[in-house]
Amino acid sequence: QVQLVESGGGLVQAGGSLRLSCAASGRTFSNYAMGWFRQAPGKEREFVAAISSGGSTHYSDPVKGRFTISRDNAKNTVYLQMNSLKPEDTGVYYCTTAALTYWVVSGRVDDWGQGTQVTVSS
């Protein structure tokens, strides 16, 4: 069973930046797609970004051009660099993983981290 541990959240002013990290353990990290979702208060969890085992990336429209997902297979870690943050980016950010990138993008996943809170003040 895979374990996912997120870190790096916090409080930042609009226009600022944060970098989230997700450390994975329990299986061969490099063989799996990784992704980030977020959930704002009162809203459903939504897809943010995904990266395939080969390094191809996918982004939701609201974050395209501002967020960058990357992975370090030697450290079993996936990152989410968030720039030009907006108040609407506020929420709990979750890391997830699946065998196929399509499953991550569509939310067809079983494994989630505990989440890390991101708050963007205006």
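The figures that follow rest on heavy atoms only: side chains count, while hydrogens, waters and symmetry mates do not. For clarity, every value in this text was computed on a predicted model and none was experimentally measured.
Considering CD of E44 and CZ of R38, their distance stands at 14.0 Å, rounded to 0.5 Å. How far OH of Y59 is from CZ of F47: 9.0 Å, rounded to the nearest 0.5 Å. For the atom pair D111 CG and R27 CZ, the distance stands at 5.5 Å (nearest 0.5 Å). For the atom pair OH of Y102 and CZ of R108, the computed distance is 5.5 Å after rounding to the nearest 0.5 Å. Atoms CD1 and OG, on I69 and S56 in that order, are 11.5 Å from each other to the nearest 0.5 Å.
Taking the side chain as every heavy atom from C-beta outward, F67 and L85 approach each other to under 4.5 Å. Under the 4.5 Å side-chain criterion, counting only non-hydrogen atoms from C-beta, F29 is in contact with M34. Contact check for V118 versus M82: side-chain heavy atoms found under the 4.5 Å cut-off. Using a 4.5 Å heavy-atom cutoff, the side chains of D89 and R66 are in contact.
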Does the ring pair (Phe, Tyr, Trp, His ring centres under 6.0 Å) test come out yes or no for F37 and W112, once each step is laid out?
CA-CA 9 Å; F37 280 67; W112 298 94; 5.1 Å; yes
Take V120 and E88, measure what side chain to side chain contact (heavy atoms under 4.5 Å, CB included) needs, and give me the verdict at the end.
CA-CA 8 Å; V120 184; E88 51 263 44; over 6 Å; no
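The minimum heavy-atom distance between V48 and V63, with the atom names listed, is O-CG2, 3.5 Å. Here the shortest heavy-atom pairing between T28 and Y32 reads O-CD1, 3.2 Å. Between V104 and A50, the closest heavy-atom pair is CG1-CB, 3.8 Å.
Electrostatic pairing of K64 and D61 counts as a salt bridge here, judged by a charged N lying under 4.0 Å from a carboxylate O.
When atom types are taken as modelled, the side chain of T97 and the backbone of A33 share a donor-acceptor pair closer than 3.5 angstrom. R71 places a side-chain N or O within donor-acceptor distance of the main-chain N or O of S52, the cut-off being under 3.5 Å.
L80 and V109 are assigned to two separate hydrophobic clusters, defined by single-linkage of ILVMFWY side chains at heavy-atom distances under 4.5 Å.
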Tabulate below the donor-acceptor pairs under 3.5 Å that side-chain atoms of residues 3-25 make, not counting sequence neighbours, or state none.
unit_1	atom_1	unit_2	atom_2	d
Q3	OE1	S25	OG	3.2
Q3	NE2	Q1	O	2.8
E6	OE1	Q114	N	3.0
E6	OE1	G115	N	2.9
E6	OE2	C95	N	2.7
E6	OE2	G115	N	3.3
S17	OG	N83	OD1	2.9

